[in-house]
Structure formats: structure tokens, C-alpha cells
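Just so you know, residue 1 is the first one in the sequence shown, and it goes up from there. Side-chain atoms are counted along with the backbone in the values below, which use heavy atoms only and exclude waters and symmetry mates.
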Amino acid sequence: MSNPLRAFKHCLSNLINFSDRDRRVVFWPYVGFIVATLMLVTMVAIIAIMGPAMVLAANTTADVVDFPVDELVLFLRLYFLIVLVIIFLLAAAVARRLHDAGMTAYFGLLPLPNLIFGLYYLPKVISEVLESGPTNGASFETLFINNMIYLTLVTILIVLLAQPSSKNDNKYGHAPQED
């Protein structure tokens, strides 16, 4: 299945199939499309939500400019929803890819706790800074350490997803046919 469009259709048609196996040639074009779409949607959301407020703030002659907090909160809520959609779109594909390499799908959950914590904690840190100014930095340090752990776990997951396929049948199913 070397055609990226066929690979994409295959993954979309198996959104809730966590039990089979997918080769790298099916998985990576799908992931690339999802990540590129995430970046595009995020940029559009930033421009649509934050852009007008930032332009207005930049064109003011006041000594103190009010940061568009309401717009930032709206963007963070939208981004949280975007991340949930991405998790939904990638979950089964990650499970099938890990199965194809002979690993349990539970490895796909490695970065999830840190992602959830970061998405939950980031608005709190931003609110804290905007309301009371720079503090002792403990909240920022906590978020920074969480993000470093998250990035490490994502890197480990990517390495696992890039492993070669099991040539033979394994406990997760028959080896997919080569196209």
C-alpha cells in the first residue's frame, strides 16, 4: 500500500480497530497528514482568535497594554479540543503499528498522562502570571519539567513506532500483505 491516499483511507476506515496490524508505509503518511492538519488548524485558530486582539493592542498608544486574556482562554479551550480529536484519530493507528512491530498497544499511552497534565496546567500557569505577575517560578518549573518528560516519552514512542514490522504472524494477527 505505497499510495498515501490509500493508506489514509485505510486508517480512517479503521478508526476504532485497535486489534490488527499496520505496516510503516500505511502508518507514517497518515500521521504526517494528521500532524500537518493540526499545525494548519492551530495557525488558523491563532490568527482568527488572537490576531485581532493583538493588532488592536499593538496599535494603542497607552503605556500599559491589556493582554487579550479572554481570547487566549478561548484559544486554549479550542486547542484542547483539537488535541482530543488528534488523539482520537491516531489512537487506533498507533495501536495497530505497535502490534505490527510485535509490541503491546499500551506503549502508545506513555505520553498521555503528561499531555493531559500539561493541557490542564498551562491555563493555570498563564492565569497566575497574568493576575499576579511573575511569581517564584514554581508553577513554570513544574510545567517545564512535565513538558521535558512528555517530549522524552513522545520520542521513545516515535522510536517504537519506527521499528521494523514482524515478518511473520504474531500474537496480534497475521502479517499484512505487501502491496
(request) Any chance you could lay out the side chain to side chain contact (heavy atoms under 4.5 Å, CB included) test for Asp20 and His99, step after step, and finish with the verdict? (result) CA-CA 7 Å; Asp20 288 331; His99 287 168; over 6 Å; no

Give every donor-acceptor pair under 3.5 Å between a side-chain atom in residues 30-45 and any protein atom, sequence neighbours left out.
{"unit_1": "Tyr30", "atom_1": "OH", "unit_2": "Leu89", "atom_2": "O", "d": "2.7"}
{"unit_1": "Thr37", "atom_1": "OG1", "unit_2": "Phe33", "atom_2": "O", "d": "2.8"}
{"unit_1": "Thr42", "atom_1": "OG1", "unit_2": "Leu38", "atom_2": "O", "d": "2.8"}

Using distance only, find each side-chain donor-acceptor pair of residues 107-121 under 3.5 Å and give its atom names and separation, not counting sequence neighbours.
{"unit_1": "Asn114", "atom_1": "ND2", "unit_2": "Asn146", "atom_2": "OD1", "d": "2.9"}
{"unit_1": "Tyr120", "atom_1": "OH", "unit_2": "Lys124", "atom_2": "NZ", "d": "3.4"}

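Ala95 and Phe18 make their closest contact through CB-CD2, 3.8 Å (heavy atoms, listed as atom of the first residue, atom of the second, distance). The minimum heavy-atom distance between Arg24 and Ala162, with the atom names listed, is NH1-O, 2.9 Å.
Atom CZ in Phe80 sits 12.0 Å away from atom CG in Leu122 (nearest 0.5 Å). Note that CD1 of Ile82 and CG of Leu76 are 10.5 Å apart. Values are rounded to the nearest 0.5 Å. Note: Tyr172 OH to Asp100 CG = 11.5 Å, rounded to the nearest 0.5 Å. A distance of 11.0 Å separates OG1 of Thr104 from CG of Leu160, quoted to the nearest 0.5 Å. Here OG of Ser165 is found 11.5 Å from CZ of Phe27. Values are rounded to the nearest 0.5 Å. Annotation: the span from Leu12 atom CG to Lys9 atom NZ amounts to 10.0 Å, rounded to 0.5 Å.
When atom types are taken as modelled, the side chain of Arg21 and the backbone of Arg97 share no donor-acceptor pair closer than 3.5 angstrom.
Counting only heavy atoms from C-beta outward, the side chains of Arg96 and Ser19 never approach each other to under 4.5 Å. At a threshold of 4.5 Å between non-hydrogen side-chain atoms, the residues Leu81 and Val85 do not count as touching.
A donor and an acceptor atom, one from each side chain of Asn168 and Ser166, are nowhere located under 3.5 Å apart. Between the side chains of His10 and Asp22, at least one donor N or O lies within less than 3.5 Å of an accepting N or O.
Residues Met103 and Ile158 share a hydrophobic cluster, clusters being chains of Ile/Leu/Val/Met/Phe/Trp/Tyr side chains in contact below 4.5 Å. Hydrophobic clustering places Leu90 together with Tyr150 (ILVMFWY residues linked when any side-chain heavy atoms are closer than 4.5 Å, directly or through intermediates).
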